[in-house]
Amino acid sequence: VQLQASGGGLVQAGASLRLSCVASGSTFSSYAAGWFRQAPGKEREFVAFISRSGGTTYYGGSVKGRFTVSRDNAKNTVYLQMNSLKPEDTAVYYCAASGRIGTAQALAVSTRAYDYWGQGTQVTVSS
């Protein structure tokens with residue numbers, strides 16, 4: 001499966017952005033999906049997870065309550081709605097897909113559980 005992320009940009013603190021990740025090449029509903037981010041000089045960090053059906057979601061502690069992950073399997077797309085953005089949210093955001101994750105949270109938050117990655121989209125939040 002190929003993943004294409006988009007929707008990043010430069011915004012001020014407190015603003016909102018919605019990232020999209022479009023999948024192609026396979027039946028997207030067969031894959032769980034995750035969002036990760038990586039800031040310069042830091043390791044890739046778990047942001048959000050959504051199960052194949054969309055019925056289970058998990059969030060990283062720093063984004064819980066501000067970000068919402070959703071998916072539309074008919075459109076082969078996963079979304080990340082980001083509200084109340086902070087400068088520390090600045091990073092390259094990556095979407096990822098896995099055919100191996102059910103709803104196990106320990107797997108959902110690990111980069112190693114994902115088989116397919118998008119190219120990343122830059123989000124910059126100014127103070």
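If you read the sequence from its start, that first residue is 1, and numbering goes on from there.
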**OP:** May I ask you to decide if Ala108's main-chain N or O and Tyr114's side chain share a donor-acceptor pair within less than 3.5 Å?
**Re:** yes
Original post:
Would you say the side chain of Cys21 lies within less than 4.5 Å of the side chain of Tyr79, judging by non-hydrogen atoms?
Top reply: no
Subject >> Derivation of the side-chain contact (heavy atoms from CB on, under 4.5 Å) call for Arg37 and Arg44 >> reply: CA-CA 6 Å; Arg37 66 186 182 186; Arg44 196 164 292 191; over 6 Å; no
Original post:
Which value, rounded to the nearest 0.5 Å, describes the distance between Cys95 atom SG and Ile50 atom CD1?
Top reply: 13.0 Å
Original post:
Do you know the tightest heavy-atom contact between Met82 and Leu19?
Top reply: CE-CG, 3.7 Å
Original post:
Short question: side chain of Thr121, backbone of Gly8 - any donor-acceptor pair under 3.5 Å?
Top reply: yes
Subject >> Working for side-chain contact (heavy atoms from CB on, under 4.5 Å), residues Leu80 and Val47 >> reply: CA-CA 9 Å; Leu80 184 67; Val47 174; 4.0 Å; yes
Subject >> Any side-chain heavy-atom pair of Val22 and Phe28 under 4.5 Å >> reply: no
**OP:** Kindly assign one of parallel, tilted or perpendicular to the pair Trp117 and Phe36, based on the angle between their ring planes and the thresholds 30° and 60°.
**Re:** tilted
**OP:** Go through the steps for Tyr58 and Phe46 under the test ring-ring contact (aromatic ring centres under 6.0 Å, His included), then give the verdict.
**Re:** CA-CA 10 Å; Tyr58 303 122; Phe46 169 73; 7.6 Å; no
Original post:
Rounded to the nearest 0.5 Å, what separation is found between the CZ atom of Arg71 and the OG atom of Ser20?
Top reply: 13.5 Å
Original post:
Gly102 and Ser51: which non-hydrogen atoms are nearest, and at how many Å?
Top reply: O-CB, 4.1 Å
**OP:** Under the side chain to side chain donor-acceptor pair (under 3.5 Å) rule, what do Asn83 and Ser16 come out as? Steps first, then yes or no, please.
**Re:** CA-CA 4 Å; Asn83 298 330; Ser16 298; 2.9 Å; yes
**OP:** Verify, without hydrogens or angle tests, whether Ser29 (side chain) and Thr27 (backbone) share a donor-acceptor contact under 3.5 angstrom.
**Re:** no
**OP:** Say whether Val63 and Phe49 are linked into one hydrophobic cluster, either directly or through other cluster members, by side-chain heavy-atom distances under 4.5 angstrom.
**Re:** no
Subject >> Heavy-atom pair with the smallest gap, counting every atom of Tyr94 and Gly118 >> reply: CD2-O, 3.6 Å
**OP:** For residues Val123 and Val125, determine if any side-chain heavy atom of one lies less than 4.5 Å from a side-chain heavy atom of the other.
**Re:** yes
Original post:
Any sub-3.5 Å donor-acceptor pair from Gln105's side-chain atoms to Val109's backbone N or O?
Top reply: no
Subject >> Backbone of Leu107 reached by a side-chain donor or acceptor of Ser110 within 3.5 Å >> reply: no
Subject >> Check: Ser30 main-chain N/O paired with Arg52 side-chain donor or acceptor under 3.5 Å >> reply: yes
**OP:** Locate the shortest heavy-atom distance separating Ala113 from Ser98; write the atom from each residue and the value.
**Re:** O-OG, 2.7 Å
**OP:** Enter the distance from Asn76:CG to Tyr31:OH here, rounded to the nearest 0.5 Å.
**Re:** 11.0 Å
**OP:** Starting from the C-alpha separation in whole Å, work towards a yes-or-no answer on side-chain contact (heavy atoms from CB on, under 4.5 Å) for Glu45 and Ser62.
**Re:** CA-CA 10 Å; Glu45 175 190 19; Ser62 60; 3.4 Å; yes
Original post:
What are the two closest heavy atoms between Val69 and Ala48, and how far apart are they?
Top reply: CB-CB, 3.9 Å
Original post:
Which atom pair, heavy atoms only, marks the closest approach of Ala23 to Val1?
Top reply: CB-CG2, 3.8 Å
Subject >> Nearest-0.5 Å distance that lies between atom OG1 in Thr124 and atom CD in Gln12 >> reply: 13.0 Å
Original post:
Is the backbone of Ser84 close enough, under 3.5 Å, to the side chain of Arg66 for a donor and an acceptor to pair up by distance?
Top reply: yes
